2 protein chains.
Amino acid sequence: MISNSAQFELMSEFRAKCKKHNLKMTPQRVTIYQELVKAKDHPGCEDIFERVHKKFPDISLDTVYRTLSTFADIGVINQVEGYGEAKRYDPNTGRHHHLRCLKCNSIVDFQDTTFNNLRIPKSVEKSFVVNNIKVILEGLCKECAKK
Amino acid sequence: MISNSAQFELMSEFRAKCKKHNLKMTPQRVTIYQELVKAKDHPGCEDIFERVHKKFPDISLDTVYRTLSTFADIGVINQVEGYGEAKRYDPNTGRHHHLRCLKCNSIVDFQDTTFNNLRIPKSVEKSFVVNNIKVILEGLCKECAKK
DNA sequence: TATTATATAAGAATTATTCTTAATTGCAAG
DNA sequence: CTTGCAATTAAGAATAATTCTTATATAATA
Ligand SMILES: [Mn+2]
Ligand SMILES: [Mn+2]
Ligand SMILES: [Zn+2]
Ligand SMILES: [Zn+2]
């Protein structure tokens with residue numbers, strides 16, 4: 001769950017960033033953004049299309065692809081790293097990390113202060129400008145580990 | 001560069017793992033593996049196809065796709081995480097980390113003992129079986145940072 | 001050397017994604 | 001509140017990456 005005020009805050013940041021990048025506020029964009037914000041599963045374009053489609057039967061798949069890609073470009077959402085299957089997106093642009101199940105492909109968020117505060121190695125700093133550090137833990141989720 | 005003995009060592013591990021998984025030693029497999037081992041750029045299937053094709057004009061693209069995928073399955077190589085473009089592979093199965101340039105998509109290896117020894121958070125251990133930890137630094141390589 | 005399960009080449013098929021185009025619409029200016 | 005127009009959209013075609021199908025070839029084993 002997410003509080004109403006946090007919801008509102010998020011929405012006005014969204015509107016502000018869109019305006020900054022000259023993106024018009026269309027019902028498609030609002031709906032797609034809200035649907036992604038609700039999602040906890042780092043969904044792909046088809047997933048979002050299916051969810052949005054219920055409320056908005058005329059939306060096209062292309063619009064979902066285009067819109068999510070645009071949102072990622074302007075930084076209101078993030079694309080998730082993966083292994084070359086369909087692209088997946090993350091509404092959470094704050095600092096956090098991922099658990100990836102290698103069997104069912106679930107991606108779950110987690111927080112860790114150690115991981116948040118990793119130092120960039122000196123040797124790297126000389127040859128590379130680091131924008132962000134990602135830590136990914138790969139393995140098996142509880143359900144998949146049971147089998 | 002890689003020493004002759006290390007080369008030989010790698011090759012016999014490769015043969016051993018293939019045997020363990022009942023994979024026949026075909027010239028295609030040997031060539032593809034050797035070409036990937038030479039590569040420092042985490043190449044994709046098309047890249048490897050082009051390189052192999054010079055020495056082995058009759059090889060099919062499908063074989064390269066199938067073979068690299070099989071190699072990753074049995075763990076002689078790794079698939080590299082990415083953002084949904086073409087798959088890329090890594091001959092280095094040892095512990096190391098990656099610098100990813102967001103502009104030119106180059107991927108460069110680096111070593112760091114801190115990153116090698118990250119502890120898995122307690123909270124995670126309860127709900128997830130971790131196979132491996134990946135640290136990825138994203139940003140701009142020297143060339144791309146200049147512009 | 002004969003047997004057989006695997007692997008391969010070629011091209012068709014599939015999946016994910018992007019492009020093209022004509023029609024629609026958000027929104028700023030009057 | 002209208003108008004004007006650049007930005008956006010739906011629809012379907014097109015493309016790119018990858019996988020599948022099948023007939024032929026071949027590595028490994030006896
Ligand atoms: Mn996340
Ligand atoms: Mn590497
Ligand atoms: Zn799982
Ligand atoms: Zn670069």
Side-chain angles (χ1 to χ4, degrees), chain A residues 11 14-33 35-36 42-74 76-77 79-89 105, chain B residues 11-12 14-33 35-36 42-50 52-74 76-77 79-89 105:
Chain A
M11 218 44 216
F14 169 68
R15 286 169 187 279
K17 277 198 189 166
C18 283
K19 177 161 284 180
K20 191 167 83 175
H21 290 270
N22 301 313
L23 300 186
K24 292 178 180 172
M25 287 308 305
T26 67
Q28 288 92 335
R29 280 179 177 155
V30 173
T31 312
I32 289 169
Y33 181 69
E35 201 63 45
L36 183 62
H42 305 83
C45 293
E46 292 269 4
D47 299 321
I48 290 291
F49 174 73
E50 283 165 23
R51 295 171 203 184
V52 167
H53 190 259
K54 288 171 188 163
K55 298 273 178 173
F56 205 135
D58 281 345
I59 201 164
S60 78
L61 181 54
D62 177 65
T63 294
V64 177
Y65 272 101
R66 190 170 13 82
T67 301
L68 288 171
S69 173
T70 304
F71 287 171
D73 287 345
I74 69 169
V76 278
I77 69 175
Q79 194 190 327
V80 179
E81 352 63 46
Y83 285 106
E85 342 71 40
K87 287 172 184 166
R88 295 171 70 169
Y89 291 91
N105 293 312
Chain B
M11 220 43 218
S12 58
F14 168 70
R15 286 169 186 280
K17 279 199 188 168
C18 284
K19 175 160 285 180
K20 191 168 79 176
H21 291 269
N22 301 313
L23 299 187
K24 292 177 179 174
M25 286 308 306
T26 67
Q28 288 91 334
R29 282 178 177 156
V30 173
T31 312
I32 289 169
Y33 181 69
E35 200 65 44
L36 184 62
H42 305 83
C45 293
E46 293 270 4
D47 299 320
I48 291 291
F49 174 74
E50 282 164 26
V52 167
H53 190 258
K54 288 169 187 164
K55 297 275 177 170
F56 204 134
D58 281 345
I59 201 164
S60 78
L61 181 54
D62 177 65
T63 294
V64 177
Y65 272 100
R66 189 169 15 81
T67 302
L68 289 172
S69 172
T70 304
F71 287 171
D73 287 344
I74 69 170
V76 277
I77 69 176
Q79 196 191 325
V80 179
E81 353 63 44
Y83 286 105
E85 341 72 37
K87 287 173 184 164
R88 295 170 70 169
Y89 292 91
N105 293 312

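Residue numbers start from 1 in every chain, and the chains themselves are labelled A, B, ... in the order their sequence lines are given, proteins ahead of strands. Just so you know, these numbers come straight off a predicted model, no measurement behind them. Just the heavy atoms: all of them, side chains too, but no hydrogens, waters or symmetry mates, feed the values below.
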Atom-to-atom span, NE2 of B/His53 to C1' of C/dA10 - whole angstrom: 13 Å
5'-most contact on DNA chain D (nearest-nucleotide basis), B/Pro27 vs B/Leu61, goes to B/Leu61
Can you check the B/Asp62 CG to D/dA23 C1' distance for me, whole Å? 14 Å
Interatomic distance where OH belongs to A/Tyr83 and P belongs to D/dT19 [whole Å]: 16 Å
Among D/dT9, C/dA7, D/dT18, which is the nearest nucleotide to the side chain of A/Thr63? D/dT9
Parallel, tilted or perpendicular: which one describes the rings of A/Tyr33 and A/Phe14, with boundaries at 30° and 60°? parallel
Euclidean distance, atom OH of residue B/Tyr33 to atom P of C/dA7 [Å, nearest integer]: 18 Å
Compare side-chain N and O positions of A/Lys87 against OP1 and OP2 of C/dT18 and report whether any pair is under 4.0 Å apart. yes
Minimum-distance nucleotide to A/Ala86 side chain [options: C/dA16, D/dA10, C/dT8]: C/dA16
Which heavy-atom pair separates A/Ile59 from A/Gln28 by the least distance, and what is that distance? CD1-CG, 3.8 Å
Dump the intermediate steps for side-chain contact (heavy atoms from CB on, under 4.5 Å) on A/Ile32 and A/Phe71, then the final yes or no. CA-CA 10 Å; A/Ile32 289 169; A/Phe71 287 171; 4.2 Å; yes
Could you tell me how far apart A/Lys19 (NZ) and D/dA7 (P) are, to the nearest whole angstrom? 16 Å
Would you indicate what A/Pro57 reaches in the nucleic acid, counting non-hydrogen atoms under 4.0 angstrom: base, sugar-phosphate, or nothing? nothing
Between P on C/dT24 and CG on A/Asp58, what's the gap in Å once rounded to a whole number? 12 Å
For the side chain of A/Arg66, counting heavy atoms from C-beta on, which of D/dT18, C/dG26, D/dA10 is nearest? D/dA10
Strictly by modelled atom types, are B/Ser69 and B/Arg66 linked by a side-chain donor-acceptor pair under 3.5 Å? no
Do the side chain of B/Lys24 and the base of C/dA5 come within less than 3.5 angstrom through a donor-acceptor pair of N or O atoms? yes
Need to verify one output field. Residue with the more 5' nearest nucleotide on DNA chain C, B/Gly84 or B/Phe56? B/Phe56
With sugar-phosphate meaning primed atoms plus P, OP1 and OP2, does B/Gln28 contact a base, only sugar-phosphate, or nothing at under 4.0 Å between heavy atoms? sugar-phosphate
Atom-pair distance (CD on B/Glu46; C1' on D/dA17), nearest Å: 8 Å
Could you check which of D/dA27, D/dA10, D/dA17 has an atom nearest any side-chain atom of A/Ser60? D/dA10
Going by heavy atoms in the side chains, are B/Glu35 and B/Pro43 under 4.5 Å from each other? no
Hey, is the side chain of B/Tyr65 poking within less than 4.0 Å of OP1 or OP2 on D/dT18, counting only N and O atoms? yes
Side-chain N or O of A/Thr26 less than 4.0 angstrom from OP1 or OP2 on D/dT9? yes
Atom-pair distance (CG on A/Leu68; P on D/dT9), nearest Å: 11 Å
